[in-house]
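Quick note: residue numbers are just sequence positions, from 1. Worth saying up front: this structure is predicted, and the values here are computed from it rather than measured. Whatever order the structure lists them in is the order used to number ligands and atoms, beginning at 1.
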Amino acid sequence: MNELWKERVAYQIYPRSFNDSNNDGIGDIPGIIEKLDYLKDLGVGIIWLSPVYKSPQKDNGYDVSDYLDIDPLFGTLEDMDNLIKAAGKRDIKIIMDLVLNHTSDQHIWFQKSREGIEPYKDYYIWKDPKNGSYPNNWDSIFTGPAWKYDELRKQYYLHLFAEEQPDLNFHNPKVIEEIKNIMRFWLERGIYGFRCDAVNVIYKSSFKDSVTKSVRKGREYYLSQPGNHLILKELKKDVLDNYDCFTVGEAGHVDKETAHLFCDKKSKELDMIFTFDHLETHEYLVKWFRRKFKPKKFFEKLSFWQKELEWNPIFFENHDQIRSVTDLGNDKLYWQESSKMLATLLLTLKGTPFIYQGEEIGMTNANFKSLAEIEDIESLNGFKMLRKWGLPKFLAEKFILKSSRDNCRTPFQWNDDKYAGFSTTKPPLKLCDNYQRINAESQIEAKTSILNFYKQLIGLRKTEETLVKGDFTELLITNHLFAYERQYQDKSLIIIVNSSKKKQRISIKGELVLSNYKRTDFNGNLSPYEAVILRE
Ligand code: TEU
Ligand code: CA
């Protein structure tokens with residue numbers, strides 16, 4: 001089977017904040033269909049659709065109550081079929097989010113499981129109280145204990161995420177069969193694969209007390225366990241291998257050996273994995289505490305995975321991160337330059353680039369003013385935890401507002417109309433207040449816009465095979481500079497980026513192919529946040 005997913009540029013859509021077709025304030029599937037030409041024009045070849053399944057939306061769809069149906073918020077099954085068809089017409093493939101670690105507590109499986117009704121009785125992880133309290137000392141990844149007592153069943157159930165997201169029991173073969181059926185259901189409808197949510201925590205090898213000192217207690221028993229790998233092999237062999245499709249797994253906190261197990265060709269588990277090291281270099285203990293961003297560390301992590309794995313997804317944003325131009329670039333003085341610098345990295349490193357909606361127009365963090373503007377369950381739980389740790393309210397609030405996932409979930413900025421052309425109704429999540437300055441419409445027109453720079457880069461990937469098929473070689477990493485070579489057959493391209501407000505000099509030379517500044521040749525001098533592509 002051909003590996004189209006290696007050539008194409010992927011684009012993640014977070015449905016609720018992409019485009020609202022019926023003006024109820026929430027983005028929806030018909031809204032996505034309306035924007036397919038925009039995506040086609042950008043050069044997108046794959047869409048990763050965050051969950052649109054039936055869900056009480058406690059975690060914006062990552063709490064699924066029916067995997068075989070669409071939430072009325074987003075549309076109907078027919079709308080989904082139409083989306084697959086309309087995208088197909090434009091040669092755009094769609095992958096869906098496969099949330100397999102947990103379901104919603106409203107899922108019928110869980111409802112029956114609570115009542116002890118077969119065959120659902122052991123679909124989840126139920127344990128008796130220990131000494132009148134929690135079965136063990138594990139933390140939820142969303143903070144607080146990982147167990148919740150159920151009055152009906154008179155037992156605790158495990159939830160690694162929110163309490164409304166009970167973990168499925170992957171020791172039960174019936175659960176694995178259910179997952180296979182869900183996969184087949186969507187593959188048969190014409191999707192091109194899955195982004196597998198939290199794919200390295202699904203199998204719990206023991207329920208002993210954790211000896212982990214800091215947060216995320218329990219991880220030694222659930223991160224990338226041998227049983228986890230066996231399940232993925234089974235899904236691949238029994239389902240995925242029968243379709244022309246691919247998978248990308250979300251796998252935080254993996255070392256290189258584990259990464260190879262997940263996505264080496266011979267391992268037969270996943271096609272690639274999202275690792276997060278490059279985005280975590282300036283986190284301290286928990287994601288809410290951030291140190292100053294050091295480009296050198298960021299480049300080193302990127303380079304590490306480039307050298308280590310045969311194929312990576314390249315990404316700087318997704319629905320769980322803050323905006324990259326704010327986080328890794330400079331959204332004030334060098335907003336345009338640094339967005340384009342990041343775009344250059346995104347589209348010239350080796351792997352499949354994943355653009356997150358709005359990244360291509362340089363959308364920034366939301367500039368939230370108070371906790372009342374936050375919807376995200378992880379952020380709200382995080383606030384409670386920081387307060388528990390003794391942080392004063394103003395400080396806890398400040399940390400949360402800056403690092404909340406809601407920063408990248410604000411409505412897409414289509415134009416400068418009221419509500420940014422996203423909807424005619426006030427959306428529940430605050431709109432970023434810079435939409436009059438930063439929006440797609442104005443950037444479609446402006447020749448030198450960030451959006452048009454993305455188009456140029458994506459175009460370049462189509463004419464320069466080297467950018468898709470070439471090997472990666474690190475040439476130089478300093479506190480501010482990253483230079484690397486991509487080489488395929490007898491051709492090679494050199495990419496150099498400057499991630500600082502200061503001018504830099506480098507001794508590498510070559511014929512200029514593209515720069516984010518207006519220049520005709522390159523003599524080794526880089527302007528602030530400049531990125532250049534050179535031909536050797
Ligand atoms: O995220 C998994 C995960 O580990 C997150 O906790 C991540 O580390 C965190 O959000 C970073 O801030 C996936 C989804 O991407 C996320 O949106 C869901 O909330 C989560 O699973 C539960 O399904
Ligand atoms: Ca809507």
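The shortest contact between atom 3 (C) of ligand 1 and any protein heavy atom is with Phe161 CE2, 3.7 Å.
Here Ile26 meets the criterion, with an N, O or S atom under 3.0 Å of the Ca ion (ligand 2). Using a cut-off of 3.0 Å, one finds that Asn22 contributes an N/O/S atom close to the Ca ion (ligand 2).
Of all atoms in ligand 1, listed by their number and element, those nearer than 4.0 Å to a heavy atom of Glu378 are 9 (C), 10 (O), 11 (C), 12 (O). Residue contact check: Lys287 has heavy atoms under 4.0 Å from atoms 11 (C), 12 (O) of ligand 1. Residue contact check: Ile141 has heavy atoms under 4.0 Å from atoms 6 (O) of ligand 1. Within the listing of ligand 1, atoms 22 (C), 23 (O) sit less than 4.0 angstrom from a heavy atom of His102. Taking every heavy atom of Asp59 and a limit of under 4.0 angstrom, the matching atoms of ligand 1 come to 18 (C), 19 (O), 20 (C), 22 (C), 23 (O).
Not close to ligand 1: Phe276, with no non-hydrogen atom less than 4.0 angstrom away.
Asp24 contributes OD1 as its N, O or S atom closest to the Ca ion (ligand 2). Restricting Asp20 to its N, O or S atoms, the one at the least distance from the Ca ion (ligand 2) is OD1. If you look at Asp28 and ask which of its N, O or S atoms sits nearest the Ca ion (ligand 2), the answer is OD2.
Both tests hold for Lys35 against Trp414: distance to the six-membered ring centre under 6.0 Å, angle to the ring axis within 45°. In this structure, Lys127 forms no cation-pi arrangement with Trp147, as its terminal cationic atom is not both closer than 6.0 Å to the ring centre and no more than 45° off the ring axis.
Electrostatic pairing of Glu177 and Lys174 does not count as a salt bridge here, judged by no charged N lying under 4.0 Å from a carboxylate O. Between Lys296 and Glu300 there is a salt bridge, since at least one side-chain N of the basic residue sits less than 4.0 Å from a carboxylate O of the acidic one. Between Asp327 and Arg290 a salt bridge is recorded (basic side-chain N to carboxylate O distance below 4.0 Å). Under the 4.0 Å criterion applied to side-chain N and carboxylate O atoms, Glu375 and Arg409 are not assigned as salt-bridge partners. A salt bridge links Asp376 to Arg405: at least one charged side-chain nitrogen sits closer than 4.0 Å to a carboxylate oxygen. One finds no salt bridge joining Lys58 and Glu163 here, because no Lys/Arg side-chain nitrogen approaches an Asp/Glu carboxylate oxygen to under 4.0 Å.
Residue Glu283 does not touch ligand 1, judged by heavy-atom distances below 4.0 Å.
When the heavy-atom distances from atom 10 (O) of ligand 1 to Arg405, Arg216, Gln165 are ranked, the shortest goes to Arg405. Of the options Asp320, Asp197, Val99, the smallest heavy-atom separation from atom 7 (C) of ligand 1 is shown by Asp320.
Two rings, from Phe422 and Phe412, have their centers 6.0 Å or more apart. Ring to ring, Trp138 and Phe207 are close: their centroids are under 6.0 angstrom apart.
Where the criterion is an N or O separation shorter than 3.5 Å, residue side chain and backbone included, Glu250 meets it with respect to ligand 1.
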